[in-house]
Amino acid sequence: MAEHRRDGDRRRPHPPLRPLWLCRACLAPWPCPQARADLLAAYAGDRVGLCLFLAWRMFDAAEDLRALHPENPPPPSELFRRFLRWARRRG
């Protein structure tokens with residue numbers, strides 16, 4: 001049986017818009033809440049892989065944002081909270 005979907009039922013991906021590091025779909029700082037949920041689902045059972053992927057993206061973001069704002073780049077602690085802190089194991 002074919003699956004029928006209305007356009008409103010399809011979820012849009014939430015990838016980063018470089019070099020700004022905003023979400024292409026919702027314009028929130030990336031990873032936005034939906035991107036986080038999608039990443040947790042994509043890396044289910046592989047928290048180390050998720051953290052490695054996010055660390056790679058964090059370094060890309062640091063480089064891009066430093067180039068955009070050389071006088072006032074985001075502090076490393078802010079980038080850590082944004083990219084990695086949320087992904088750690090809870091409980």
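Both backbone and side-chain heavy atoms feed into the values below; hydrogens, waters and symmetry mates do not. Here the structure is a predicted model, which is why all the values come from computation and not from measurement.
The shortest heavy-atom contact between Ala35 and His14 is CB-O, 3.5 Å. Annotation for Arg18 and Arg57: closest pair CD-NH2, 3.8 Å, computed over non-hydrogen atoms. Scanning both residues, Pro73 and Pro70, for their nearest heavy atoms gives CD-O, 3.7 Å. Of all non-hydrogen atoms in Ala87 and Leu50, the two that sit nearest each other are CB-CD2, 4.0 Å.
For residues 22-34, the pairs satisfying side-chain hydrogen bond (donor to acceptor under 3.5 Å, both in side chains) are Gln34-Asp38, with sequence neighbours left out.
A chain of hydrophobic side-chain contacts below 4.5 Å, direct or via other Ile, Leu, Val, Met, Phe, Trp or Tyr residues, connects Leu84 to Trp56. Both Leu39 and Phe59 are part of a single hydrophobic cluster, where members link through side-chain heavy atoms under 4.5 Å apart.
Applying the salt bridge (charged side-chain N to carboxylate O under 4.0 Å, His left out) test to Asp46 and every residue at least two apart in sequence or in another chain returns nothing. By the salt bridge (charged side-chain N to carboxylate O under 4.0 Å, His left out) test, Arg81 is found to be paired with no residue, residues two or more places apart in sequence or in another chain being considered.
Annotation: the span from Arg82 atom CZ to Cys32 atom SG amounts to 10.5 Å, rounded to 0.5 Å. The CZ atom of Arg36 sits 11.5 Å away from atom SG of Cys23, with the distance rounded to the nearest 0.5 Å.
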task: Test ring-ring contact (aromatic ring centres under 6.0 Å, His included) on Trp21 and Phe83 and set out the steps.
output: CA-CA 11 Å; Trp21 287 92; Phe83 283 85; 5.8 Å; yes
message: Using the rule given for side chain to side chain contact (heavy atoms under 4.5 Å, CB included), can you reason through Leu20 versus Leu65, listing the C-alpha separation, both sets of side-chain angles and the distance that settles it, and then say yes or no?
response: CA-CA 7 Å; Leu20 300 174; Leu65 294 170; 5.8 Å; no
- request: Decide yes or no on side chain to side chain contact (heavy atoms under 4.5 Å, CB included) for Trp86 and Leu54, but give the supporting numbers first.
  value: CA-CA 10 Å; Trp86 66 270; Leu54 290 169; 3.4 Å; yes
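At least one donor-acceptor pair closer than 3.5 Å links the side chain of Arg12 to the backbone N or O of Ala25.
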